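Working notes, beginning with the structure itself.
Naming convention: chains lettered A, B, ... in sequence-line order (proteins, then strands); numbering from 1 in each chain. Remember, it's a predicted structure, so these values are computed and weren't measured experimentally. Below, all heavy atoms of this structure are taken into account, side chains as well, without hydrogens, waters or symmetry copies.
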Amino acid sequence: MATVPITLTVNGQAVRAEVEPRVTLADFLRDELGLTGTKLGCEHGVCGACTVLVDGAAVRSCLILAVQAEGADVLTIEGLAGDGLHPVQEAFWEHHGLQCGFCTPGMVLTAYALLQERPSPSEEEIREALAGNLCRCTGYQNIVVAVRAAAEKLAGAR
Amino acid sequence: MKPPPFDYARPRSLDEALATLAAHGADARPLAGGQSLIPLLSLRLARPSLLVDLSFIPGLASVQAENGTTVLGAMVRQRALERDAQVAQRLPVLAEATRLVGHPPIRNRGTVGGSLAHADPSAEYPALALALDAELVVRSASGERVIPARDFFVDLFTTALAPGELLTAVRIPVPPPGTGWSIQEIARRHGDFALAGATVLLRKASDGTCQHAAIALFGVATRPLRASAAEQALAGRPLTSEAIREAASLAAGWIDEPLSDVHGSAAYRRRMAEVVARRALEEASRRAGA
Ligand SMILES: Cc1cc2nc3c(=O)[nH]c(=O)nc-3n(C[C@H](O)[C@H](O)[C@H](O)COP(=O)(O)OP(=O)(O)OC[C@H]3O[C@@H](n4cnc5c(N)ncnc54)[C@H](O)[C@@H]3O)c2cc1C
Ligand code: FES
Ligand code: FES
């Protein structure tokens with residue numbers, strides 16, 4: 001099958017590549033760009049581990065083909081931190097919002113997208129926003145606590 | 001799993017897309033948001049030889065008002081619909097239904113046309129299209145046709161679309177002011193597919209009796225259903241809780257052969273259909289102005 005040229009931005013860097021159409025954005029990020037922070041759990045859209053931001057919106061990178069990301073601006077977990085951890089990452093660390101960490105990149109980016117849209121979400125809104133992300137370890141409680149704390153941190157920084 | 005190999009076309013106009021689809025027949029599949037198609041590819045339940053990406057075609061993603069009709073382009077993203085001011089005002093039931101479709105990351109990509117063309121029996125939009133008497137605008141290289149929603153959903157994941165045809169828009173007659181509405185579903189988590197769902201549109205005459213009722217069920221059979229017997233039983237009657245209970249029971253009885261799977265038996269689904277139909281009728285009746 002013929003490869004297709006693509007041009008996109010990943011974590012602020014311009015990327016050009018030739019990809020097979022069947023390669024998902026998740027596999028492209030992990031295998032071609034070495035950005036293995038994006039995790040693959042189910043590879044069919046139900047676990048949320050592979051969540052990244054495309055043009056500012058949280059999406060499942062296992063449900064987008066790399067060829068569909070032509071011209072897009074992609075943010076992965078590697079691009080979130082600046083000099084130190086991002087406030088959402090700090091809050092997950094401080095409030096034990098992770099155990100094994102496999103779901104964490106997807107949780108953090110989903111929470112980040114939520115807080116961009118709703119800087120001060122209610123607990124119910126947080127739970128609803130995270131309902132599409134599965135965690136086998138934490139029981140979710142501390143993730144919710146971490147997202148609340150992240151909202152406060154971000155409000156304080158503003 | 002990983003998708004099997006396929007070729008990819010990125011048409012920049014509708015005519016180019018239709019010509020590409022016409023040239024490849026049943027081996028080509030349109031790709032909209034990919035939120036149903038890519039899982040099917042990854043699970044290797046679909047093996048098209050060519051995907052025709054609709055995302056780069058201009059003009060398919062608008063929401064337009066025409067007199068008493070709202071016209072949604074096939075490529076309107078579910079998330080855009082959720083936030084659309086015109087939809088919130090003219091079709092609040094559609095805005096509410098959209099919040100029940102998967103999770104925000106799914107809705108950021110998933111489209112109106114993709115959901116209708118996919119025809120998952122548990123999906124919200126097909127049932128709404130039925131309840132609202134929507135019309136589906138379909139184009140192929142040989143021209144345009146308009147299919148009423150009641151003729152569009154044929155069976156499990158099967159619509160009246162032929163190979164080479166694209167759904168380009170949905171025309172929804174806007175319910176008159178005072179129409180009561182509701183969408184109710186039972187799902188395992190917020191955002192999961194419904195195990196049973198019902199949507200209702202209801203109008204009352206000045207004496208409070210039921211002037212018009214549209215009841216559509218989803219998640220309970222191989223395709224969404226209009227519960228005609230229940231609608232007729234309500235017509236002209238006062239909307240008492242007794243009448244609503246009877247109608248809900250008629251609606252559940254209307255399902256020929258309820259779906260049955262690991263998430264819910266046929267008997268469970270029939271019982272839950274009655275529950276969601278009753279809740280939807282009650283809420284729509286409260287919202288309906290006399
Ligand atoms: C985890 C998860 C949860 C979900 N939960 C729900 C839910 O609760 N309710 C719900 O309704 N949906 C749910 N969905 C499905 C989601 O709404 C999809 O977005 C939708 O079913 C398909 O839309 P799409 O734009 O992604 O289409 P695609 O996946 O791109 O296409 C779906 C099918 O339609 C065809 N097609 C697409 N567009 C056209 C067109 N314009 N003309 C002709 N054929 C076309 C494609 O060829 C394909 O066969 C869920 C999906 C996931 C992954
Ligand atoms: S790996 Fe993408 S949602 Fe599970
Ligand atoms: S921390 Fe292990 S899956 Fe969430």
Can a cation-pi geometry be assigned to Arg10(B) and Phe56(B), taking NZ or CZ under 6.0 Å from the six-membered ring centre and within 45° of the ring axis?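 Yes; both conditions hold, so Arg10(B) lies above the ring face of Phe56(B).
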Val67(A) versus chain B, heavy atoms under 4.5 Å apart: side chain, backbone, both or neither?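 The answer is both parts of Val67(A).
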Which bit of Leu40(A) is near chain B, if near means a heavy-atom gap under 4.5 Å: side chain, backbone, both or neither?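 Contact with chain B involves the side chain of Leu40(A) alone.
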Above 12 or not: heavy atoms from other molecules or residues under 6.0 Å from CD of Glu124(A)?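 Atom CD in Glu124(A) is not crowded, with 12 or fewer foreign heavy atoms closer than 6.0 Å.
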Could you look at [X] and say if it's the side chain, the backbone, both or neither that has a heavy atom under 4.5 Å from chain A?
| X | result |
| --- | --- |
| Leu31(B) | side chain |
| Leu51(B) | side chain |
| Leu41(B) | neither |
| Asp53(B) | side chain |
| Arg83(B) | side chain |
| Arg79(B) | side chain |

When you compare the side chains of [X] and [Y], does any donor N or O come within less than 3.5 Å of an acceptor on the partner?
| X | Y | result |
| --- | --- | --- |
| Asn133(A) | Thr110(A) | yes |
| Gln86(B) | Thr70(B) | yes |
| Thr76(A) | Glu78(A) | yes |
| Glu82(B) | Thr98(B) | no |

So which bits of residues 22-34 of chain A come within less than 4.5 Å of chain B, counting non-hydrogen atoms only?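 Answer by number: Arg22(A), Asp27(A).
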If you define the side chain from C-beta out and look only at heavy atoms, does anything of [X] sit under 4.5 Å from [Y]?
| X | Y | result |
| --- | --- | --- |
| Val54(A) | Val52(A) | yes |
| Val59(A) | Leu53(A) | no |
| Thr199(B) | Val93(B) | yes |

Taking every heavy-atom pair that is under 4.5 Å apart, which of Ser55(B), Gly102(B), Pro5(B) has the most such pairs with chain A?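 Top option by heavy-atom pairs under 4.5 Å: Pro5(B).
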Could you report the tightest heavy-atom contact between Ile143(A) and Leu130(A), atom names first, then the distance?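 Scanning both residues, the minimum pair turns out to be CG2-CD1, 3.6 Å.
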